[in-house]
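Only one structure is covered here, and it is reproduced in the block below.
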Amino acid sequence: MDFKLHNTDDRSGARTGEITTDHGKIKTPIFMPVGTLGSVKGIHQHELKEDINAEIILGNTYHLYLRPGLDVLEQAGGLHKFNGWDRPILTDSGGFQVFSLAENRKLTEEGAMFRSHIDGSKHMFTPENVMDTQRSIGADIIMAFDECPPGTSSYEYAEKSLGLTQRWLERCVDRFDNTKGKYGYSQTLFPIVQGCVYKDLRIKAAEHAASLNRDGYAIGGLAVGEPTPDMYEMIEVVNQVLPENKPRYLMGVGTPINILEAISRGVDMFDCVMPTRNGRNGMIFTSEGTLNMRNLKWAKDFTPLDTNGTSYVDSFYSKAYVRHLIRSNELLGAQICSIHNLAFYLWLVREAREKIDEGTFSEWKKIMVEKLGRRL
RNA sequence: GGGGAGAUACCAAAGUGGCCAACUGGGGCGGACUGUAACUCCGCUGACUUCGUCUUCGUAGGUUCGAAUCCUGCUCUCCCCA
């Protein structure tokens, strides 16, 4: 994997760049749709390419390991072949499941023992076997196995947790560097910087990660219950330490506003379930603010879903029709809103790139943040 | 014509003397959702001058300290037999 930094904004930390992988290039800043189980929920691969313009999507190690399982993925020739997505893929390691499925796992120095949420069977995830699993899945960018502690963790716990994450990271690097990709193209490993909302822990974590000299770095453990200003501060702190010439990936974030704020603090990559999950639940994001498509006020609004939207669903379907679909629990409603939201997120980062290159990012961001916060 | 069952809030459906302004679904309205156990979850849903008051359980009376619940008349609905 290669990263070229293009332009940096004078008045903020925002920058544009380009990542090159064996499955193609990615312009940064970028938003990556989440496809946990090898599918971006409700979205065809051709829609991801043609309507949404996704350049890279995510998969999840924990979920893909449980279903369909590594034997299937290996026989398929890796996830790209299995799901027909020939552009880059990034897999999360299962570290987030350490957080989200906390009730179903036990942490030890060795790793995390998960009780499957599907059938209750036990599965030990270690830094080593998570690397192996991600080799089998075959993502272009794979993530270190970490503990994602809650945003409300005490300093004491955060420090202890970070220690574990750092030891795991070294084991991940070790294993990764001593194994090879299974399908003939190269993979790269991103460390994840933890440390909750504690500045000194974040700095320590970022320095440690940077010392491992990888192709890119992730900031994890944010948007998990801590106040938003704390999140922004941690991003700043970490990005002051991480090398400038490597991409920075803010994991799991976020709202359109979060993304602009993070871009202005030097983040290059994002992923979040929000556009798809909220879309399925009838909420859409637009450049003028958010809309709850269930609301009565759209019942007889036959204007296009989003006149400023860039995808075909925006001009083809009316608000009234989408409201009807969502309220009637029609699958098409969830699909339309998901396509719209993803297309909007990709538009947002595309626009941000343009503004950064033009040198007008800061002014544009200010106006956008105000508009994005509105509720229509 | 004979026999039987039943009428509860927008719908369905509990409740069969006080803990009932009335369980539970659905529907309606609103909200939440941030490396996806999520087409999910959470509120509200008789009225009002809302830590209280008023009017409700087909309808008109009655019994009782007290009735959606018991009794009588009426109206309507459904089922079975002819």
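Nothing here was measured: the structure is a model prediction, and the numbers come from that model. Just so we're on the same page: letters track the sequence lines, and every chain starts at 1.
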With sugar-phosphate meaning primed atoms plus P, OP1 and OP2, does [X] contact a base, only sugar-phosphate, or nothing at under 4.0 Å between heavy atoms?
X	result
A/Asp146	base
A/Asn258	base
A/Arg323	sugar-phosphate

Seminar exercise, completed: Comparing A/Lys41 with A/Ala334, nearest RNA chain B nucleotide closer to 5' gives the residue A/Lys41
Problem set entry | Which nucleotide in B/G35, B/G30, B/U36 has an atom nearest any side-chain atom of A/Tyr249 | B/G35
Does [X] place a side-chain N or O at less than 4.0 Å from the phosphate oxygens OP1/OP2 of [N]?
X	N	answer
A/Arg327	B/G28	yes
A/Ser93	B/G35	no
A/Gln97	B/A37	yes
A/Asn60	B/U36	yes
A/Asn295	B/G30	yes
A/Arg280	B/U40	no
A/Asn281	B/A32	no

For this session: To the nearest Å, give me how far apart CG (A/Leu58) and P (B/U34) are.
Result: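 Distance, rounded to whole Å: 16 Å.
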For this session: Sticking with atom C1', work out how far B/C33 lies from B/A37, rounded to a whole angstrom.
Result: 15 Å
Exercise. Between B/C65 and B/C74, how far is it from one P atom to the other, in whole Å?
Worked result: 28 Å
